[in-house]
Amino acid sequence: MWAGRRIRPYCFPQHRAGRAALARTHDLIVIGAGAAGLTAAGGCARLGLRVALVERDRMGGECLNTGCVPSKALLAAAHRAQAVREGGRLGILAGEPTVDFGRVRAHVRAAIDAIAPHDSEERFRAWGVEVIRGEARLLDARGRVEVGGRVLEAPRIVLATGSRPAIPAVEGLAGVPFLTNETLWDLDRLPEHLVVLGGGPAGMEMAQAFRRLGAAVTVIASGRPFPRDDPEAAALVLDRLGAEGVTIRPETRATRVTRTGAGLRVETDGGWAVEGSHLLVAAGRRAAVEGLGLEAAGVTVDPGGIRVDARRRTTNPRILAIGDCRDGPRFTHAAGHEGTVAVMNIGLGIPAGVKDAALPWVTFTDPELAQLGLTEAAARERHGHVEVHREDFAENDRAVAEGDTAGFVKVIKARGRVVGATIVGAGAGEMVLPWSLAIAGKASPWAISGAVVPYPTHSELSKAVAFAGCEPRIFGPWARRWAGVVARLRR
Ligand SMILES: Cc1cc2nc3c(=O)[nH]c(=O)nc-3n(C[C@H](O)[C@H](O)[C@H](O)COP(=O)(O)OP(=O)(O)OC[C@H]3O[C@@H](n4cnc5c(N)ncnc54)[C@H](O)[C@@H]3O)c2cc1C
Ligand SMILES: NC(=O)c1ccc[n+]([C@@H]2O[C@H](COP(=O)([O-])OP(=O)(O)OC[C@H]3O[C@@H](n4cnc5c(N)ncnc54)[C@H](O)[C@@H]3O)[C@@H](O)[C@H]2O)c1
């Protein structure tokens with residue numbers, strides 16, 4: 001990719017001797033020890049750079065402590081409860097499960113504790129990272145950072161400060177005790193009736209988890225639930241949630257929240273209202289940039305987060321912003337990937353950029369909802385004419401044998417290239433890899449269709465949908481003509 005181009009190293013200028021270089025305490029300062037910051041700090045330290053990693057709270061950030069890990073652990077417990085409930089369909093009669101919420105919580109805690117050493121201070125110190133506990137603040141545009149009275153200085157800074165829950169402007173909300181992903185895990189009993197504000201992945205995953213654990217759940221979403229996903233795939237998940245008893249009010253905006261004797265009451269713009277015991281606000285995110293000194297450092301913040309280019313440089317090119325704090329998609333794998341891009345830019349001087357074309361995301365409801373690249377609608381808007389190939393789970397022997405046939409794989413091509421894939425169904429998240437490679441141009445549908453895939457697996461769906469696109473060529477006029485010649489020679 002870089003052949004023939006003169007590479008201007010984007011690494012620390014060790015060659016620049018003199019006062020400024022000597023005053024520098026580090027080669028790189030990383031602020032925030034979540035998925036993004038840990039990847040950047042660890043990678044650069046392992047290349048031999050002097051790295052400071054500043055964290056004001058828990059190592060591992062949101063994903064480990066209040067996001068992906070606890071939510072997936074809670075969903076796992078909820079899915080077990082549902083499997084017990086639904087066993088009768090396959091002849092296993094167990095009835096309504098007893099949910100011991102204390103033990104569910106212990107399972108969630110144990111999952112966090114088991115993964116925590118991976119993100120621990122000890123692990124990063126062993127790689128040579130100086131882990132500093134405290135709140136960091138940029139002092140100027142030159143690369144000076146203050147933490148607890150100590151001033152650090154480095155030629156490059158990586159901002160990886162993550163995001164916080166966005167609290168919508170709803171009358172009365174500030175006056176009632178509501179939950180967010182930061183406090184949800186402290187609940188010591190199952191809510192009787194959880195009202196969820198927000199129909200994105202965070203709200204919908206928790207809606208299904210709490211419903212399956214036995215709570216009544218109502219979701220209020222100001223727009224279409226799963227707003228970024230393929231509507232047909234989203235409808236399939238919404239149908240399942242509805243069948244399980246989750247009440248969903250789409251296109252409904254919460255306007256007022258008041259306390260009631262036992263809980264709270266949420267009023268909405270349509271005049272409809274609901275009373276619940278608990279309220280979970282999962283209405284999007286805002287970049288965590290308060291008090292960070294961005295103005296002094298010449299770093300611009302847009303409404304969606306810190307403004308960055310493809311290399312994740314901010315408006316101050318010495319300062320990169322990666323992960324949830326910048327404007328863009330907010331996922332752990334995106335944060336980690338951007339950490340790697342930072343290592344390439346800062347550690348190796350390679351001007352690598354982030355390519356979003358094959359970005360996957362998965363919502364871990366049951367059925368799972370996975371999207372890579374463009375949805376069908378987005379592809380039509382961008383490319384005009386598109387080719388769509390689809391295979392239903394109902395056609396897959398494994399899905400039939402397991403009695404779980406809701407779902408499909410849809411692959412979207414534009415000008416012969418795969419530009420997007422939607423997978424909804426059991427284990428959809430585990431099926432993204434071939435399509436990620438196809439969108440990145442590293443595997444062709446032809447290669448996927450020719451792979452030998454074990455029977456019976458859901459992976460056969462990917463092979464089948466790839467084959468559907470190749471079928472006209474395989475059994476087309478040229479192949480038939482050639483087969484005719486071969487047959488005539490043998491007759
Ligand atoms: C409920 C929920 C479930 C999720 N599930 C998934 C999932 O299944 N898959 C997925 O891909 N994504 C998921 N996400 C999104 C994922 O958690 C985030 O995209 C990811 O954690 C972002 O990582 P990050 O490193 O950018 O930020 P963070 O993990 O938020 O880390 C930022 C760190 O910076 C620290 N910090 C901030 N300011 C300062 C400062 N001034 N000084 C020092 N330290 C500072 C913070 O304390 C924090 O530790 C989920 C999110 C939520 C809310
Ligand atoms: N499986 C995953 O990868 C996963 C899971 C959870 C969260 N996340 C990430 O975490 C972040 C946060 O997720 P999220 O679901 O909170 O955000 P989101 O932006 O995806 O969804 C926000 C939802 O809140 C609704 N909303 C906003 N204001 C409202 C109001 N006043 N009344 C009613 N509804 C309102 C919107 O209509 C939308 O449905 C996202 O960036 C997401 O990518 C990822």
Side-chain angles (χ1 to χ4, degrees), residues 30-40 53-72 74-75 119 132-138 145-148 159-170 173 180-182 184-185 196-206 209 219-229 249-255 257 266 268-269 280-293 305 321-326 328-336 338-339 360-365 368-371 429:
V30 178
I31 305 177
L38 289 171
T39 310
L53 173 63
V54 190
E55 172 54 56
R56 66 180 175 193
D57 194 351
R58 283 173 285 182
M59 294 291 285
E62 177 178 84
C63 181
L64 173 64
N65 299 294
T66 56
C68 331
V69 175
S71 61
K72 265 76 265 181
L74 191 77
L75 277 165
D119 295 353
I132 301 169
R133 308 308 298 250
E135 174 121 13
R137 183 170 57 95
L138 301 170
V145 172
E146 188 264 333
V147 194
L159 306 175
T161 55
S163 64
R164 304 289 308 273
I167 308 303
V170 177
L173 189 56
T180 67
N181 73 295
E182 295 177 347
L184 184 65
W185 320 108
V196 180
L197 215 62
M204 299 314 266
E205 285 183 352
M206 290 305 93
V219 178
I220 301 171
S222 57
R224 170 172 84 78
F226 300 116
R228 288 177 285 272
D229 286 283
R249 302 290 301 210
E251 315 289 345
T252 304
R253 186 168 284 278
T255 50
V257 184
V266 183
T268 67
D269 51 4
L280 170 64
V281 176
R285 314 285 305 176
R286 60 183 171 77
V289 294
E290 297 83 14
L292 198 52
I322 58 175
D324 272 20
C325 65
R326 50 89 190 108
R330 293 187 162 117
F331 301 103
T332 294
H333 43 275
E338 291 173 26
W361 64 88
V362 178
T363 304
F364 295 89
T365 43
E368 287 182 3
L369 180 53
Q371 178 66 42

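All heavy atoms count here, side chains included; hydrogens, waters and symmetry mates do not. One-based numbering, in listed order, for ligands and for the atoms of each.
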Participant: Are Met59 and ligand 1 in contact, using a heavy-atom cut-off of under 4.0 Å?
Facilitator: no

Participant: Does ligand 2 have a heavy atom under 4.0 Å from the side chain of Arg228, from its backbone, from both, or from neither?
Facilitator: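 Side chain only.
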
Participant: Say whether Ala288 and ligand 1 are in contact under the criterion: heavy-atom distance to a ligand atom below 4.0 Å.
Facilitator: no

Participant: Who are the side-chain hydrogen bond (donor to acceptor under 3.5 Å, both in side chains) partners of Trp185, not counting sequence neighbours?
Facilitator: none

Participant: Pick one of side chain, backbone, both or neither for how Arg285 approaches ligand 2, counting any non-hydrogen atom pair under 4.0 Å.
Facilitator: side chain

Participant: Val281 pairs by side-chain contact (heavy atoms from CB on, under 4.5 Å) with which of Asn181, Val196, Ile167?
Facilitator: Ile167

Participant: With sequence neighbours left out, write down each residue that passes side-chain hydrogen bond (donor to acceptor under 3.5 Å, both in side chains) with Ser163, or none if nothing qualifies.
Facilitator: Arg285, Asp324

Participant: Could you tell me the residue and atom name of the protein heavy atom closest to atom 17 (O) of ligand 2, and the distance to it rounded to 0.1 Å?
Facilitator: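 Result for atom 17 (O) of ligand 2: Gly284 CA, 3.2 Å.
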
Participant: Would you mind telling me which of Thr332, Leu38, Asp119 makes a side-chain contact (heavy atoms from CB on, under 4.5 Å) with Leu64?
Facilitator: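 Among Thr332, Leu38, Asp119, the one meeting side-chain contact (heavy atoms from CB on, under 4.5 Å) with Leu64 is Asp119.
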
Participant: Any N/O of Gly223 closer than 3.5 Å to an N/O of ligand 2?
Facilitator: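 Yes, Gly223 has an N/O under 3.5 Å of an N/O on ligand 2.
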
Participant: Classify the contact between Asp324 and ligand 2 as side chain, backbone, both or neither, using a heavy-atom distance cut-off of under 4.0 Å.
Facilitator: neither

Participant: Is it the side chain, the backbone, both or neither of Trp361 that has a heavy atom closer than 4.0 Å to ligand 2?
Facilitator: neither

Participant: Given Ser222, Pro360, Ala166, identify the one with the heavy atom nearest to atom 35 (C) of ligand 2.
Facilitator: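 Minimum heavy-atom distance to atom 35 (C) of ligand 2 goes to Ser222.
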
Participant: What do we get for Pro168 next to ligand 2 when only non-hydrogen atoms under 4.0 Å count, side chain, backbone, both or neither?
Facilitator: side chain

Participant: Kindly identify the option in Arg56, Glu62, Arg326 whose heavy atom sits closest to atom 38 (N) of ligand 1.
Facilitator: Arg56

